Amino acid sequence: MSIFSRKRSERRSSRRSIRAIERAQEVAERRRREEERRREAAERRRREEERRRAAAAERRRRRSSPKPSVSSKPSASPSASASATATAGATPSATASATQSATPTATASESVTPSATADPTVTAEPTTTAEATATAEPTVTAEPTEQPDPVGGVEPVLHHRFQSQVDFSSDQLEVENPVTEFLQTPAVAVDFDFHSRDLVMDDGAEFEMWSFEDDQYERGFPGPTLRVQEGKVFHATVHPSKGPHTIHWHGMEPDPRNDGVGHTSFEVDGQYTYQMQPEPGRPGDPNYGAAGTYFYHCHVNTPLHVQMGMFGPLVIDPVVHPAYPVSPGARRAFVDGPEYDIDTEALLAPYSLDPRWHEMNHADGLSGEDAGLNRFEPEHFYVLGGELARRPAGKEVVWSLSSLRANVKGGPKKPTLLRTLNANYLPTTLIFTDADGTEARIAELISHDGRPFRDTSVPNVPAPSCRDAGYPLTASRLAYGAAERFDMLLHPPTAGRYYLRVQWEDWVTGALLGTRTIPIDAT
C-alpha cells in the first residue's frame, strides 16, 4: 500500500511525464551538440591539413630556390642537380658542365626529381620541368602534389598533431566496432549496456545517474560487481550509447587496447569486448599477483562520467596454492595471505555528489568551454556497498551501506574482510570507534591498491606478509585520496556494537564537509 495519497501520487506521475518530455528534448539537444562538435573537429582537421600542406610546399620552394649570385655554386638542391639531364641537343660533356658550373654554356631542359631531404609530411614530389639559360635560373612551372615516399629517404620528423590541450581532449579516436585481437575463450564473460536513469538515493534525493548494467543489476548504481580469479581469461563487452564510452580497469594493467584509455587506444561507439588475464600470484614474491580490490570506470570525459556513476567494483581473487590450502567457508585475500570469512566480506565506497554536475551533458567541457568541471562542490554524501554475497539485484537499485557485521577476534570464524574504495573526489577519512566513541584499533591493513603489505627488508629471500613477519599493521583511522583502496581485516576484541565514521573533507582548508556513521555489530 502506498504511504502517499492518490492526489500526491498523481502529481508525482504528472511531474514524471513532464520530466520524460524534458528528457527527450535534452537527448535531442545533446545529439545535435555532439554532431556539431564532430563537424567542428573535422573542419579543424581539414584546416590543419591545408596549413600543413601549404607549409610543406613553401619549404620545398625555399630549398629549390637558387642563390642570387651567378658566380656562386648552383643553387638547386643536390638531388635536383644530380638528376638534371640534357635533353635538348646538349652533349654529355655539356651536361656534366651544366651540373658543375653556375653559368651553363648551352640551353638545356632540366628534369628535377624528388629530393632525398623532402619534407617528412609529404612522401614525394612529382617531376617538375625548368628551363635553364645562361642568364636565368630554373623556374618551377607545376604545383607539387603528394606521391609515394621513395625507399631509403630521410627518417621523417614527427609533428605534434594537437594545437592545444582542448584538441587533445576532444579529438580522440572513435571506433564503431573495434576488433579484439588474439581473442581467447573466457572463463568469465559479462555483457554491459549503458543506462541513464533518475535514481532515488538513500536520503530521498533523486538525481540523473549514468552507469553500466547487465541482466542481474539492471539500471542500478554503482555498476555490477565483477569477480575474476587470477590466471583466468576475462571478457567484458560494452555497448555504449549517449555518445562514446570506454571501460578502464583502474589499477589493472592489460595491454593498451584493453586498458580502456581513449588517449592510448580508442573510444567505443558501437561495441567492444575487453579481454584480460590477471597474473597469478607466487607465495613470498611481491612482484607477482593481482589479487585485491579494484574498480572499473568510463575513461571518456572521465571526471564527469565517473561522477555521474559510470563505475563499479572489481575484485580479483587469488589462485589456490597447494602450500596454502583454504578452510571451508573461507578464502585467502592473496595467494599466501590470511584467510577471511566469505559470508561477512563487505565493500565500503564513500561517494559524494554535486547536483550541478548531474545536469550536464556527455561532452560538456571537452570543447574548451567553461562547463564548471574545475569546481566540485558536493551537497550530498553517501556510503555505497554492503556485503558482497548479498548485493541486492533488480531494477533501479542503489546499493547503499547501512550496517556491517564483524566476527569477534579469536572466535570460531575467520575474520571479516572489509574492502574499501574512495569513489569520490574529496579527501576522505575512516575512523573506527567503540560504543563510547573512543577510537578502536580493530582494522588490520593487509593490502593497498591491490598490493599486499609484505616485509621486503631482506633482499633475495621470500617476502612474507607483514602479519606473518610478526608485525601486523593495525589502525583506528585511515586517510584516503580519490580512487584509493585499502583491504583490511576487522578484529573487534569483544562482541557488541562498534562504529565506523566516514568523513569528507575540503581539498584546501581540510574543513569537514560531510559525515556518515555505519554501525558494526560484532558477534
Side-chain angles (χ1 to χ4, degrees), residues 188-195 199 201-202 209-230 232 234-236 238 246-252 254 260 274 276 278 290-299 302 305-318 331 333-334 340 342-352 382-394 397-402 404 416-425 428 430 446-451 480-488 500 502 518:
V188 178
V190 296
D191 208 66
F192 281 168
D193 287 317
F194 167 87
H195 78 79
L199 298 180
M201 312 300 281
D202 66 0
M209 303 296 295
W210 308 343
S211 197
F212 303 98
E213 65 170 329
D214 62 8
D215 292 338
Q216 184 176 9
Y217 304 107
E218 300 178 70
R219 302 187 292 277
F221 171 66
T225 302
L226 300 181
R227 295 199 82 124
V228 184
Q229 189 179 40
E230 291 177 333
K232 303 292 187 181
F234 167 69
H235 282 179
V238 61
T246 67
I247 301 180
H248 172 56
W249 311 98
H250 194 108
M252 301 296 294
Y274 290 92
M276 66 176 174
T293 303
Y294 303 86
F295 74 114
Y296 60 91
H297 63 80
C298 179
H299 214 292
T302 313
H305 290 202
V306 174
Q307 164 63 193
M308 290 298 296
M310 296 196 70
F311 65 87
L314 169 65
V315 175
I316 306 297
D317 291 318
R331 187 184 290 120
F334 45 95
Y340 65 88
I342 294 176
D343 187 57
T344 55
E345 177 191 16
L347 172 76
L348 180 147
Y351 171 74
S352 55
Y382 303 108
V383 180
L384 306 175
E387 292 181 352
L388 290 172
R390 295 173 179 80
R391 176 171 179 175
V397 175
V398 177
W399 192 27
S400 298
L401 179 62
S402 57
L404 286 169
T416 296
L417 176 64
L418 178 61
R419 302 179 183 271
T420 59
L421 158 67
N422 188 20
N424 78 110
Y425 301 137
T428 307
L430 270 58
I446 59 174
S447 65
H448 175 252
D449 288 353
R451 298 171 179 84
Y480 293 72
E484 197 168 9
R485 290 100 59 207
F486 279 102
D487 289 349
M488 64 195 75
L500 173 54
V502 183
I518 306 297

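Everything quoted here is computed from the prediction, not taken from an experiment. The first residue in the sequence is number 1, and the count goes up from there.
- Looking at residues two or more places apart in sequence or on another chain, you find a side chain to side chain donor-acceptor pair (under 3.5 Å) between D343 and R390, R405.
- Taking the six-membered ring for Trp and the full ring otherwise, F192 and Y296 have centroids separated by under 6.0 Å.
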Evaluation steps, side chain to side chain contact (heavy atoms under 4.5 Å, CB included), between L347 and W399: CA-CA 10 Å; L347 172 76; W399 192 27; 3.8 Å; yes
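- Crowding of R391 atom CZ: a count of heavy atoms from other residues, nucleotides or ligands under 6.0 Å exceeding 12.
- Within the 4.5 Å cutoff, the side chain of T428 has heavy atoms near those of the V502 side chain.
- Ion pair R227/E345 flagged as a salt bridge, since at least one NZ, NE, NH1 or NH2 atom sits closer than 4.0 Å to an Asp/Glu carboxylate oxygen.
- Within the 4.5 Å cutoff, no side-chain heavy atoms of Y274 are placed close to those of P254.
- For the pair I446/M488, no side-chain contact is recorded, criterion being any heavy-atom separation below 4.5 Å from C-beta on.
- A donor-acceptor pair under 3.5 Å links the side-chain atoms of Q229 to the main chain of P318, judged by distance alone.
- A distance-only check finds no donor-acceptor pair linking the side chain of Y217 to the backbone of T225 [under 3.5 Å].
- The shortest side-chain heavy-atom distance between N424 and Y382 does not fall under the 4.5 Å cut-off.
- Counting only residues at least two apart or on different chains, the salt bridge (charged side-chain N to carboxylate O under 4.0 Å, His left out) pairs with a member in residues 210-219 are R219-E396.
- The aromatic rings of Y351 and F311 sit tilted relative to each other, their planes meeting at an angle between 30° and 60°.
- In this structure the side chain of P278 reaches within 4.5 angstrom of the side chain of M252, judged on heavy atoms.
- Looking at heavy atoms from C-beta onward, F212 lies in side-chain contact with I247 at the 4.5 angstrom threshold.
- Atom OH of Y294 and atom CH2 of W249 lie 13.5 Å apart (nearest 0.5 Å).
- With contacts defined as side-chain heavy-atom distances shorter than 4.5 Å, the pair F194/M310 qualifies.
- By the side chain to side chain donor-acceptor pair (under 3.5 Å) test, H195 is found to be paired with no residue, residues two or more places apart in sequence or in another chain being considered.
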Evaluation steps, side chain to side chain contact (heavy atoms under 4.5 Å, CB included), between F295 and L421: CA-CA 8 Å; F295 74 114; L421 158 67; 3.6 Å; yes
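- You'll find the ring centres of H297 and H250 inside the 6.0 Å limit.
- When the side chain to side chain donor-acceptor pair (under 3.5 Å) test is applied to T344, the partners found at least two apart in sequence or on another chain are D341, T416.
- A482 is linked by a side-chain contact (heavy atoms from CB on, under 4.5 Å) to nothing, counting only residues two or more places apart in sequence or in another chain.
- The side chain to side chain donor-acceptor pair (under 3.5 Å) check on T420 picks up Y480, with sequence neighbours excluded.
- At least one donor-acceptor pair under 3.5 Å links the side chain of S211 to the backbone N or O of G309.
- At a cut-off of 3.5 Å, with distance as the only test, no side-chain donor of R485 or T293 sits close to an acceptor on the other residue.
- With contacts defined as side-chain heavy-atom distances shorter than 4.5 Å, the pair H235/V190 does not qualify.
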From CA spacing to verdict: side chain to side chain contact (heavy atoms under 4.5 Å, CB included), D317, V228: CA-CA 6 Å; D317 291 318; V228 184; over 6 Å; no
Test side chain to side chain contact (heavy atoms under 4.5 Å, CB included) applied to L348 and L418, step by step: CA-CA 7 Å; L348 180 147; L418 178 61; 4.0 Å; yes
